[in-house]
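Given the structure is predicted, the values throughout are model-derived calculations rather than measurements. Nothing fancy with the numbering, it's 1 onward along the sequence.
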Amino acid sequence: MRTTDPSRGQRHQAGLARPNRAIVVPPAVHRPASPYAEGGSAAETARDLSAELTRLLRLKERRQPAVAQIAVWIGLGIVEGRLEPGQDLNSVELSHRFGTSRTPAREALMLLESEGLVEIRARKRPRVASFTPTRVREIYFVVRSLLAVVGVLAAAKVAAAEVPVLHEQMAQMRRAAGRGDLDGYVQGHVSLQRRYVEIAGNRILGEMLDTLALRTLVLRRSSLAAEGRLAASLSDQERILEAIIAHDGELASLLLSRATDAALAAIDPTALRGAS
């Protein structure tokens, strides 16, 4: 007969496992609404992030709903920091949680591996991907270059009809920052940046940014978690928006590059490395 370790049970309730230990799969948890009256709820933010994961992973194209459910659950856990770098991901426990065979769980893990969020090594359990300082710098170098182009194109093409929409998106970010809602601010930042890409109107540029989007989503949250970074980021984003609306592509490009550099500098590399 199997016995249960009480300390392990506590970790099950928390939904976390130590690095190189099997992932603890908790029961489904209802996310309560934000205690703040203005600006939406934690549940709404989670739905927005789930929709972004679904888009980036092209999950609507998949015939097996279980693959999408498992991939989104793991992806959200990684982005929100509930699943830590180096943490093991047990396909058996995942299949039990979602009431399916191990095949959809394995497919979901392989899908996330292709996006850089999961590591799968021979004769070892899959685990949440770690980020070395070199890898982080390489990602930000590419993102910096791409966003600089986005700034030039968006400033050249932004129409007057877009301005109120952009201002409202910035207002949502401002409210999230004011109440210290990191996840809400991150989601607002993602939405605003995606709108810039849409205004830029270059599909290839958008596709290139999408290939790095999930990795940058994890890194962006880590960067913004540092003390004072939320206010600094908001100031940067307001100046970028002003430059784009003013059709100043050179300034928008410069500000986007500087904001990317500041985000990189704020990242604590030790928080993104799991046990080897």
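A 6.0 Å sphere centred on CE of M208 holds no more than 12 heavy atoms belonging to other residues, nucleotides or ligands. Heavy-atom contacts from other residues, nucleotides or ligands closer than 6.0 Å to CD of E113 number more than 12.
When side chains are defined from C-beta on, E84 does not count as touching V128, because their heavy atoms never get closer than 4.5 Å.
Using a distance-only test at 3.5 Å, with no hydrogens or angles considered, a donor-acceptor pair links the side chain of T260 to the main chain of L256. Remark: the backbone N or O of T211 is paired with a side-chain donor or acceptor of R215 at under 3.5 angstrom. When atom types are taken as modelled, the side chain of S253 and the backbone of A148 share a donor-acceptor pair closer than 3.5 angstrom. Of the possible donor and acceptor atoms, none in the side chain of K157 sits under 3.5 Å from a partner among the backbone N and O of I199.
For the residue pair R102/S91, the side-chain donor-acceptor check at 3.5 Å is satisfied. Side chain to side chain, Y140 and T216 fail the donor-acceptor criterion of an N or O pair below 3.5 Å.
Taking the charged nitrogens against the carboxylate oxygens, R144 and D261 do have a contact shorter than 4.0 Å, which makes a salt bridge. Using a 4.0 Å cut-off between charged side-chain N and carboxylate O, R55 and D210 make a salt bridge. E52 and R194 are joined by a salt bridge, as a carboxylate oxygen and a charged side-chain nitrogen come within less than 4.0 angstrom of each other. We find that R135 and E138 are not joined by a salt bridge, their nearest charged nitrogen and carboxylate oxygen being 4.0 Å or further apart. Checked for salt-bridge contact, D183 and R221 meet the test: a charged N lies under 4.0 Å from a carboxylate O. A salt bridge links R195 with E198: the closest approach of a Lys/Arg side-chain nitrogen to an acidic carboxylate oxygen falls below 4.0 angstrom. For R175 and E168, the salt-bridge test passes: some basic side-chain N is under 4.0 Å from an acidic carboxylate O.
Of all heavy-atom pairs spanning L182 and L230, the tightest one is CD1-CD1, 4.1 Å. Heavy atoms only, all atoms of each residue included: Y185 and S233 are closest at OH-OG, 2.8 Å.
In the hydrophobic clustering of this structure, L241 does not group with V165; members are Ile, Leu, Val, Met, Phe, Trp, Tyr whose side-chain heavy atoms approach within less than 4.5 Å, directly or through other members. Hydrophobic clustering, with ILVMFWY side chains joined whenever heavy atoms are under 4.5 angstrom apart, groups V118 together with W73.
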**Request:** Determine, stepwise, if the pair Q193 / L147 fulfils side chain to side chain contact (heavy atoms under 4.5 Å, CB included).
**Result:** CA-CA 9 Å; Q193 188 168 289; L147 288 180; 3.7 Å; yes
**Item:** V218 vs L214, side chain to side chain contact (heavy atoms under 4.5 Å, CB included): CA-CA, chis, key distance, verdict
**Value:** CA-CA 7 Å; V218 176; L214 290 178; over 6 Å; no
**Prompt:** Does the side chain to side chain donor-acceptor pair (under 3.5 Å) test come out yes or no for S191 and Q187, once each step is laid out?
**Reply:** CA-CA 6 Å; S191 297; Q187 179 54 35; 3.3 Å; yes
